[in-house]
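Keep in mind the model is a prediction, meaning the values are calculated, not measured.
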Amino acid sequence: MHFSIEKAKNAQLKLAGRVIKENEIKGFKYIVGLDVAYSNSKGVGVAVIMDRDNNVIDVGIKILDVKVPYIPGLLAFREFPCMYGALKNVKKNFDIILVNGQGLAHPRRFGIACHIGVLSNKPTIGVARRKLYGQEVKADENLYQIIDGGEVIGAVLKIDTFKIYISIGHMISLRESIIIVKEFMKGHSLPEPIYNAHVIATEKAKNIKHNFKLQQTHSYLI
DNA sequence: GCGACAG
DNA sequence: ATCTTGTCGC
């Protein structure tokens, strides 16, 4: 069975109607960041739960074979299983999800942050380092709106020498999303929960590669 | 045909 | 995302 681009796009169009764009959050204590790294065909999904004092509370990991290629606009079909699996592997509770990728700022208004949000039924924010879709219009000093067809689908924050793209994933407003992302920017190009997930995922993927090389080196003994 | 194109 | 050498700056 092979991946169908048309079916994937239709699924996004159908699910996009389920995204809630208003705040369904009245304060929070814990937030979880999601990211995926790769070791050849192995995807390493990591979820890092943090509190508001920059402490790591819990970590969840999910390693799976990834067959779906990266296709702009269809990233979720490649990374969702690892991300969602990692999220299911955390033991502690969390109130908000930060996803490394776009949310509403997507050609069908359903980026990976919306996939995660709708299927988790939790307030979710999409955070990316690069733009996927839409026009950047200056709204203020260091703040841009991402617009498509007269609709604001996201925001861009200029910080030091880089930018970060923020958009609604689910059950939270764009305004609140920006405030929360800002709170967790601690000197890295991504908010701390995602940054930590990225570091752990990359390290784990690197270990898998290393172990594979060791196995190759000693395979003559078998 | 050309440019854009999350991770 | 991953691969990968040298180079710039604190």
Which of A/I166, A/I116, A/I178 passes side-chain contact (heavy atoms from CB on, under 4.5 Å) with A/I125? It is A/I166
Criterion side-chain contact (heavy atoms from CB on, under 4.5 Å) on A/Y38 and A/R78, from CA distance to verdict:
CA-CA 11 Å; A/Y38 296 88; A/R78 174 174 169 80; 3.4 Å; yes
Protein heavy-atom contacts under 4.0 Å, written 5' to 3' over nucleotides 1-7 of chain B as B (base), S (sugar-phosphate only) or - (none), form the string ----BBB
A/L34 CG to C/dA1 C1', in whole Å, measures 16 Å
I'd like a list of close polar pairs between nucleotides 6-10 of chain C and the protein, N/O only, cut-off under 3.5 Å.
none

Which pairs of donor and acceptor atoms, one on a side chain in residues 90-102 of chain A, lie under 3.5 Å apart (sequence neighbours left out)?
| residue | atom | partner | partner atom | Å |
| --- | --- | --- | --- | --- |
| A/D95 | OD2 | A/K29 | N | 2.8 |
| A/D95 | OD2 | A/Y30 | N | 2.8 |
| A/N100 | ND2 | A/D35 | OD1 | 3.1 |
| A/Q102 | NE2 | A/R130 | O | 2.8 |

| task | Using a cut-off of strictly less than 4.0 Å, decide whether A/K209 has a side-chain nitrogen or oxygen near OP1 or OP2 of C/dC3. | result | yes
*asked:* Just to be sure I understand the rule, does A/A37 reach a base, reach only the sugar-phosphate, or reach nothing, if contact means heavy atoms closer than 4.0 Å?
replied: sugar-phosphate
**Asked** When clusters are formed by joining ILVMFWY residues with side-chain heavy atoms under 4.5 Å apart, either directly or through shared neighbours, do A/L104 and A/I180 land in the same one?
**Response** yes
Taking A/S173 for the side chain and A/E176 for the main chain, is one N or O donor matched with an acceptor at less than 3.5 Å?
yes
Using the rule that Ile, Leu, Val, Met, Phe, Trp and Tyr join whenever any side-chain heavy atoms are under 4.5 Å apart, tell me whether A/I172 and A/F110 fall into a single cluster. yes
Would you tabulate the side-chain donor-acceptor contacts of residues 135-143 of chain A under 3.5 Å, counting partners in other chains and residues two or more places apart, or write 'none'?
| residue | atom | partner | partner atom | Å |
| --- | --- | --- | --- | --- |
| A/E136 | OE1 | A/K163 | NZ | 3.2 |
| A/E136 | OE2 | A/Y165 | OH | 2.7 |
| A/K138 | NZ | A/D140 | O | 3.4 |

Ordered by number, residues from residues 147-170 of chain A within less than 4.0 Å of DNA chain B (heavy atoms) are none
Using distance only, find each side-chain donor-acceptor pair of residues 148-158 of chain A under 3.5 Å and give its atom names and separation, not counting sequence neighbours.
| residue | atom | partner | partner atom | Å |
| --- | --- | --- | --- | --- |
| A/D148 | OD1 | A/Y133 | OH | 3.3 |
| A/D148 | OD2 | A/R109 | NH1 | 3.2 |
| A/D148 | OD2 | A/R109 | NH2 | 2.8 |
| A/D148 | OD2 | A/Y133 | OH | 3.3 |
| A/E151 | OE1 | A/R109 | NE | 3.2 |
| A/E151 | OE1 | A/R109 | NH2 | 3.0 |

Rounded to whole Å, the CD1-P distance (A/I194 to C/dA1) equals 12 Å
query: Judged by atom type as modelled, is there a donor-acceptor pair below 3.5 Å linking the side chain of A/H188 to the main-chain atoms of A/L190?
result: no
*Has the side chain of A/R52 got a donor or acceptor atom that lies under 3.5 Å from a matching backbone atom of A/F28?*
yes
